[in-house]
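Below: one structure, written as C-alpha cells.
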Amino acid sequence: MKGKVTIVVYKRLFNLLLSPFFFAFLVAISIILFIPRQSKYKIVLTKTGITDKSNSIVIYADVNDDNSCEKVNLFHNNIGNAALKIQGNNEGLSTWVDYSGVYLKDDFFTGDFNHNNFPEVYFISVKQDSVFCNSLEFNGKGYAKDVRFITRVKLIDGKMDVQFACPVFFDLQNDGFDDLFLSVNAGYSLKPRQLFVIDLHRDTILKGPELGICSSYFPFRKDKNSPPIILASSFSTNNYPDTTTVLCHDNHSWLFALDKNLGFLFTPLPFSGHKSDVQTKPLLINDSLYILALYELANDHSLKATLCLADLNGNMIKEKDLPKKSVRNNFRLIQSDDYHSARESYMFDSEGYLNKIDNNLITKRIIQVSRESVNEAAVIDLDQDGKPEHILKHSDFQTYSITRADYSEIVSFHLPFDRSHLAKFSFQTTANSNGSMFVQQGEREYWFTYRSNPFYYTIYLVWIITYFLALGFIFLIRWQYTLQQSRKKATEAELAELQLALLSRHLDPHFTFNALNAVSSLIYKEDKDTAYSLFVRFSNLIRYSLDHSSSFSTTLQEEIFFLKNYLEVQQKRYLNSFHFEINISEEVDTNLVVPKMLLQQYAENAIKHGLNKKSSEGHISIDLSMKSGQLVILISDNGQGRQEAANNRDETHTGTGLATMEQIYTLFGKLTGIRIRQQILDLKNEDDTAVGTRIELTITFPKTIPSLA
C-alpha cells in the first residue's frame, strides 16, 4: 500500500513539473532576475541656486531650537576677515558677526557641547601664524561669540600650510560636557602635527604628542565607567625627515593610541613605506577591547592591503592580507557613530562592496554600493526617523549614494564634477515641510528630498504580471502547436484522400476485372506458369495497397517494387504490346522518402494515353539519378505525344491525374519539407513529328531527411 501511495505521489509530482504553470514559473523567474529592482527610497532634486556670496560656505542648522533650520553662511567680509551670517525664518533672529583673520576652506561644523539643544556653530580661522577656534551660540536672547587660540604654525613664504582633520565632539573628562577634538596637520611647514582637545566647559586646551606624521583621531569609551582611549589613523607624506626632534617620522605610517591625558598607550608600531596609510577602529571581542587596523601602501599597487589586530599593549595578535580585487586597493574602514558599540566591523573595498570583518579578520562581501571605491561623505537623518542615513562619495567625484543605517536600500544621485570643491551636506527643516537635504558645492546650491518610493511595491505587481504573461505565452505556444498538429493531420487526411482517389482509379473494377480475365484466359489456355506469375504480381499490388493504406509516404525502393508489379500486370493485360526498363544509378539511395504513388501515376498515363493507339511496340523507360544533391527521375515513352493523345481522348478521361499530383506535392512539401517539381517535355524528331513524352521529376530533400510517415 505504501508503495502505491509513493507511486501516486511521484506521478503527481511529475505531472506538476510538466504542467504549464510550473514552466511559466521558471520562465517568470528567469525574466524577473533581469528586471532592475527599484530602491525602497528615492532622492529627487527639487531646487538649485547660487550662493549669496562668492567663496562662502553654507549649511543649515537649527541653532535656536525652534524646529526650523536657519541658514548659516561663512564668508569673508569687505576687509577680508571671516564673518558668520545667520538668517532664520524669523527676521528678528538673523545676525551678522565679524571675526579676525581668515577662515580655512571647508572647516565649518556645528556641535552642542553642553547639550542644551542650542547647537553652536564652529569654524577654524588663521591670522598671521596663529590658529583660532571660533564659535557662535544662540543663548535664548541673542548670539554669543567665542574665540579661542589653538596654536601657532610656521609660515612658508608668508603663507600658512595647514589642514585640520574632521573635528569630533567627545566627553573625554566624563563630566557631562563634550570636548572638541581637533587634529592639526601642517604640510611643508612641518609643525605642528598633533592633537588638540579643547575643554569648552573649562576653557582649557590639552595637547597631544608632537608627531612627524599626519593623523586623525577617534575617541572611544567601552562603557560609561570605562576609561577612554583615543585611536589614531595616520598616513605618511615623506616630507618630514627621520629626526630625534619628533616622534614617528613620516617615511612610515604608525599604529598608536592615546590615553585620557593624550599620552601613548604603547610604543607606536611602524608600517613601512612612504605614502602608506593606517586606519584604525575599536573592536570588542568577548568584552575585551582590541584595535583593528588596516594598512595600505598607496604608491605600490603590487602589495596587498593588510588587516591587523592588536591589543591595547601594542602586541600584534593577528595579521591577514586582503584579497586584491583591482589595480588599486583603496580599502576604507567604517567608524561607527555609536561610540558604545564596536562589536562589528565593516569596510569598503575598491570595487564598492561593503565587507563585514569577523574576529578572525576574514572578510565577507555583503552588498555592492558602487562599482568603484567609495568614502563616507556625511551621516544625516534625512527622513527624521531617528536612524541616520549614510551619504557616500564615489571615486569619480560626481556620483553619490544614500543608504539606510545598515547600508541597505541604495539610491544614487549626481553632482557636476568639481575636484576643487568638496560637496558639503546639511539638512534643512521648516515648519511647513518634512525637510530637504542641502548640498553646497563651490558656488552652486542644491536641495534634494529623500523619501519613500511610492512605486517600490509595484515590483510585486510586475512579478505577477510577468508570471501570467509567461503562462499566457506558454498556453499560446501550446495552442499554436495544437493548431499545427491539427493542420498537419488535416493535410495528411487530404493527402491520403488524394492518394486513395488515385489508388481507386488505378485499381478500379475495370482494371481488376481485366486483370482477372487475363489470368482466367491464361488458365483456359493452360499457360499455368504465366497465369500464376500474373496472379502473384496482382496480389502484390493488392497487398501493398492494403499495407500502406494509412500512410502517405513510402521509400523509393518500395515505390519501385510497386511500379514494377504494376507494369508487369499491365504488360500482360495489354498482351505484351509494350516493354519497360527501370534504370537506377549507383549513387541513388533507395531508402529516401517519397510520396506514395509517385511513379505509378506517370507510368499509367504513358500506357493509357501514350502507347494506347500505337501500332508498333511501345517502350517505357524510368531512369533515376542524383544531380547536385537532387534526385532526378525521368519517365519516357515512345507514344503518340500529348497533342495526339488529347485529340483521341474520350470523355470519360478527365485529365485530372497530373493536377492531383501537383496537389500531392504541395501537401507533401508542407508536411516533410521535401520539394518536388515536375516538368513535361514533348519528344519530337527532326521533322517535328511527336515521338513520345518525357516526365522530369526533380526532388529536393532538406538537410535532415524526414522519417517515413
Side-chain angles (χ1 to χ4, degrees), residues 43-78 80-99 101-112 118-126 133-138 143 145 164 166-167 377-382 388-389 391 393 397-398 400 402 413-450:
I43 183 80
V44 179
L45 177 65
T46 57
K47 187 173 67 171
T48 62
I50 304 295
T51 54
D52 296 337
K53 298 181 180 295
S54 61
N55 297 321
S56 63
I57 306 175
V58 180
I59 62 171
Y60 281 88
D62 184 10
V63 298
N64 59 358
D65 195 28
D66 63 351
N67 296 319
S68 182
C69 288
E70 287 70 43
K71 184 177 184 179
V72 184
N73 196 325
L74 175 62
F75 60 97
H76 290 120
N77 58 24
N78 294 333
N81 286 333
L84 273 175
K85 179 183 178 182
I86 299 179
Q87 183 178 353
N89 298 316
N90 184 345
E91 293 296 332
L93 294 176
S94 299
T95 188
W96 177 319
V97 180
D98 292 314
Y99 293 82
V102 299
Y103 70 85
L104 296 180
K105 187 177 181 181
D106 296 332
D107 293 311
F108 181 32
F109 52 96
T110 61
D112 187 9
F118 294 111
E120 311 90 36
V121 179
Y122 295 87
F123 70 95
I124 306 300
S125 67
V126 295
C133 177
N134 308 275
S135 65
L136 190 67
E137 180 184 16
F138 181 78
Y143 290 94
K145 169 183 174 182
F164 298 88
C166 295
V379 179
I380 303 174
D381 188 2
L382 297 177
E389 282 69 45
I391 304 173
K393 177 182 66 177
F397 289 91
Q398 59 184 349
Y400 294 82
I402 299 176
F413 65 97
H414 298 273
L415 295 175
F417 178 81
D418 191 347
R419 186 184 289 268
S420 59
H421 294 92
L422 297 178
K424 195 168 186 66
F425 298 86
S426 58
F427 190 75
Q428 179 187 12
T429 58
T430 63
N432 300 323
S433 69
N434 295 325
S436 301
M437 179 179 71
F438 173 76
V439 185
Q440 183 202 6
Q441 187 175 27
E443 296 187 357
R444 300 290 302 179
E445 297 177 339
Y446 306 89
W447 283 263
F448 294 88
T449 58
Y450 175 81

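The structure places CG of Leu382 at 6.0 Å from CZ of Phe427, a figure rounded to the nearest 0.5 Å. Taking CG from Asn64 and CZ from Phe138, the interatomic distance works out to 5.0 Å, rounded to the nearest 0.5 Å. With rounding to the nearest 0.5 Å, the separation of CD1 in Ile402 from CD1 in Ile43 is 3.5 Å. Residue Leu84 holds its CG atom at 9.0 Å from OG1 of Thr95, rounded to the nearest 0.5 Å.
Between Tyr122 and Phe109, the ring planes are parallel. Angles under 30° get that label, and only those over 60° would be called perpendicular.
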Pair Met437-Phe425, side-chain contact (heavy atoms from CB on, under 4.5 Å): steps then yes or no: CA-CA 7 Å; Met437 179 179 71; Phe425 298 86; 4.0 Å; yes
side-chain contact (heavy atoms from CB on, under 4.5 Å) assessment of Val44 paired with Phe448: CA-CA 5 Å; Val44 179; Phe448 294 88; over 6 Å; no
Verdict with supporting geometry, Gln441 and Leu415, side-chain contact (heavy atoms from CB on, under 4.5 Å): CA-CA 8 Å; Gln441 187 175 27; Leu415 295 175; 3.4 Å; yes
Criterion side-chain contact (heavy atoms from CB on, under 4.5 Å) on Ile50 and Arg444, from CA distance to verdict: CA-CA 5 Å; Ile50 304 295; Arg444 300 290 302 179; 2.9 Å; yes
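Counting heavy atoms from C-beta outward, Glu389 and Tyr450 have side chains that approach closer than 4.5 Å. Within the 4.5 Å cutoff, side-chain heavy atoms of Asp52 are placed close to those of Asn73. Using a 4.5 Å cut-off on side-chain heavy atoms (C-beta onward), Lys85 and Val72 make no contact. At least one side-chain heavy atom of Lys71 sits under 4.5 Å from a side-chain heavy atom of Val58. In this structure the side chain of Ser436 reaches within 4.5 angstrom of the side chain of Trp447, judged on heavy atoms. The side-chain heavy atoms of Thr429 and Asn67, taken from C-beta on, include no pair separated by under 4.5 Å. For the pair Ile86 and Tyr143, the minimum side-chain heavy-atom distance is below 4.5 Å. Using a 4.5 Å heavy-atom cutoff, the side chains of Ser54 and Glu443 are in contact.
Residues Ser135 and Tyr99 approach most closely at O-OH, 3.1 Å, considering heavy atoms. Residues Thr110 and Ala61 approach most closely at CG2-CB, 4.0 Å, considering heavy atoms.
The closest donor-acceptor contact from the side chain of Ser426 to the backbone of Ile59 lies at 3.5 Å or more, if one exists at all. With Gln440 contributing its side chain and Lys424 its backbone, the two residues share no donor-acceptor pair below 3.5 Å. In this structure, Asp65 contributes its side chain and Phe118 its backbone to no donor-acceptor pair below 3.5 Å.
Taking the ring centroids of Trp96 and Phe75, they lie under the 6.0 Å cut-off. Ring to ring, Phe123 and Phe108 are not that close: their centroids are 6.0 angstrom or more apart. The ring of His76 has its center closer than 6.0 angstrom to the ring center of Tyr103. Taking the centre of each ring, Tyr446 and Phe438 stay at or above the 6.0 Å mark.
In this structure, Asp418 places its CG atom where more than 12 heavy-atom neighbours from other residues, nucleotides or ligands lie under 6.0 Å away.
Under 3.5 Å, the side chains of Asn77 and Asp98 contain a donor-acceptor pair of N or O atoms.
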